[in-house]
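Take a look at the structure below.
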Amino acid sequence: MAGHSKWANIKRQKARVDARKGSLFTKLSRAIIVAARSGLPDPEANFRLRSAVEKAKAAGMPAENIERAIAKGSGNWTDDSPLEEIRYEGYGPGGVAVLIEAMTDNRNRTAAEVREAFSKVGGSLGESGCVSWLFRQKGVISLEGVTDPEALLLAVAEAGGEDLKVEGTGAEVYCDYTLLEQVATYLKKEGYQVQEAAIRWIPSTEVHVEDPETAKLVLTLMERLDNLDDVQNVYANFEIDEAVMESLA
């Protein structure tokens, strides 16, 4: 998945730019608000909230912003328009399946923006369920500073994890999404640097994109969707060879 890995690197670089613009803080705030609303407004007692707060802190979000977002989620802060979570599904160029998680205070606005992003590149927004069957939900734990992959593999097995992907000194651990907190907590206790722990949609099949023009359109769609303020996460099942990615650079 060289191409997909490169897209992940591009997203990380973009996140640093977005943080300066403030758009990333908007998305992080929304994740905290919904997480606080879904359980106790205490990060220590709410794993989803704790993960959202840790991600916000890692992005350099001010403490007062985090506290305000928690207050909004717990109902202790007046909020004009309540947020709701929505999932959109569709097909991009080359038959690539795309699944989008959004948080919005205006369904019509968000649907129109997502639909336009697809139409701009010749894709199409579909009905609920049209592509989700091509994905499965997994707990994904991102680690940094991995020096002994074999020791990590053993730790993952002992923690109840299912799979492991190592790239340089970074790694992603996969587990049943219901065991995400258990596995992440165990790895932290073992001294591993947990950067993020989240439930993600992992494709069960992949579409190999070989045509550079199609690849360009796919990446344009990913960027358009990711740039939408209401969109929290974008998942897709494309694979682009490193050579094709380099030709687009």
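This one's a predicted model, so the numbers in the text were calculated from it and none came from an experiment.
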Is any side-chain heavy atom of [Y] closer than 4.5 Å to one of [X]?
X    : Y    : value
M222 : V98  : yes
V183 : V156 : no
L143 : V173 : yes
L187 : L152 : yes
L24  : M61  : no
V96  : N237 : yes

Supply the atom-to-atom distance [X] [atom1] to [Y] [atom2], rounded to the nearest 0.5 angstrom.
X    : Y    : atom1 : atom2 : result
L225 : N233 : CG    : CG    : 12.0 Å
Y88  : R115 : OH    : CZ    : 8.5 Å
D105 : T110 : CG    : OG1   : 7.0 Å
C130 : L125 : SG    : CG    : 7.5 Å
S124 : E89  : OG    : CD    : 12.0 Å
E113 : D230 : CD    : CG    : 5.5 Å

Determine the minimum heavy-atom distance between [X] and [Y], stating which atoms define it.
X    : Y    : answer
A155 : Y186 : O-CE2, 3.6 Å
A59  : L28  : CB-CD1, 3.7 Å
A184 : V194 : O-CG2, 4.1 Å
L164 : A171 : CD1-CB, 4.0 Å
V218 : F238 : CG1-CD2, 3.7 Å
L221 : A117 : CD1-O, 3.5 Å

Out of curiosity, does [Y] fall in the hydrophobic cluster containing [X] (side-chain heavy atoms, cut-off under 4.5 Å, transitive links)?
X    : Y    : result
V207 : Y235 : no
L179 : I199 : yes
V114 : L217 : yes
W201 : I100 : no
V166 : L153 : yes

>> If we check side chain to side chain donor-acceptor pair (under 3.5 Å) with R200, which of these qualifies: E172, E101, Q137?
In response: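 When E172, E101, Q137 are each tested with R200, the side chain to side chain donor-acceptor pair (under 3.5 Å) holds only for E172.
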> More than 12 heavy atoms of other residues, nucleotides or ligands under 6.0 Å from OH of Y174: is that the case?
Replying inline: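 Yes.
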>> Please determine whether the number of non-hydrogen atoms from other residues, nucleotides or ligands lying under 6.0 Å from atom CD of E64 exceeds 12.
In response: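 Yes, the 6.0 Å shell around CD holds more than 12 heavy atoms from other groups.
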> What do the steps show when you test L248 against I240 for side chain to side chain contact (heavy atoms under 4.5 Å, CB included), and what is the final call?
Replying inline: CA-CA 11 Å; L248 299 176; I240 302 175; 5.6 Å; no
> Would E167 and K165 pass as an ion pair if we require N to O under 4.0 Å?
Replying inline: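 So E167 does not pair with K165 through a salt bridge.
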> Taking 4.0 angstrom as the limit, do R224 and E116 come out as a salt bridge?
Replying inline: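 A salt bridge is absent here (no side-chain N lies under 4.0 Å from a carboxylate O).
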Any donor and acceptor pair, going by atom type alone, linking the side chain of [X] with main-chain N or O of [Y] inside 3.5 Å?
X    : Y    : result
D176 : T178 : yes
Q182 : A159 : yes
E54  : E196 : no

>> Applying side chain to side chain contact (heavy atoms under 4.5 Å, CB included) to L99 and R87, what does each step give before you reach the verdict?
In response: CA-CA 7 Å; L99 193 152; R87 192 172 75 211; 3.6 Å; yes
>> Evaluate I32 against K72 for side chain to side chain contact (heavy atoms under 4.5 Å, CB included), listing each step before the verdict.
In response: CA-CA 9 Å; I32 292 171; K72 285 184 177 181; over 6 Å; no
>> Taking salt bridge (charged side-chain N to carboxylate O under 4.0 Å, His left out) as the cut-off, I'd like each qualifying pair that reaches into residues 129-152, sequence neighbours left out, listed once.
In response: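 Matches after skipping sequence neighbours: K138-E162.
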Review item, side-chain donor-acceptor pairs of residues 41-50, under 3.5 Å, at least two apart:
from, atom 1, to, atom 2, distance (Å)
D42, OD1, E44, N, 3.1
N46, OD1, R48, N, 3.2
N46, OD1, L49, N, 3.0
N46, ND2, A35, O, 3.0
N46, ND2, L40, O, 3.0
R48, NH2, E85, OE2, 2.6
R50, NH1, P43, O, 2.9
R50, NH1, E44, O, 3.3
R50, NH2, E181, OE2, 3.3

>> R37 vs L83, test: side chain to side chain contact (heavy atoms under 4.5 Å, CB included). Steps then yes/no.
In response: CA-CA 10 Å; R37 186 185 300 158; L83 293 168; 4.3 Å; yes
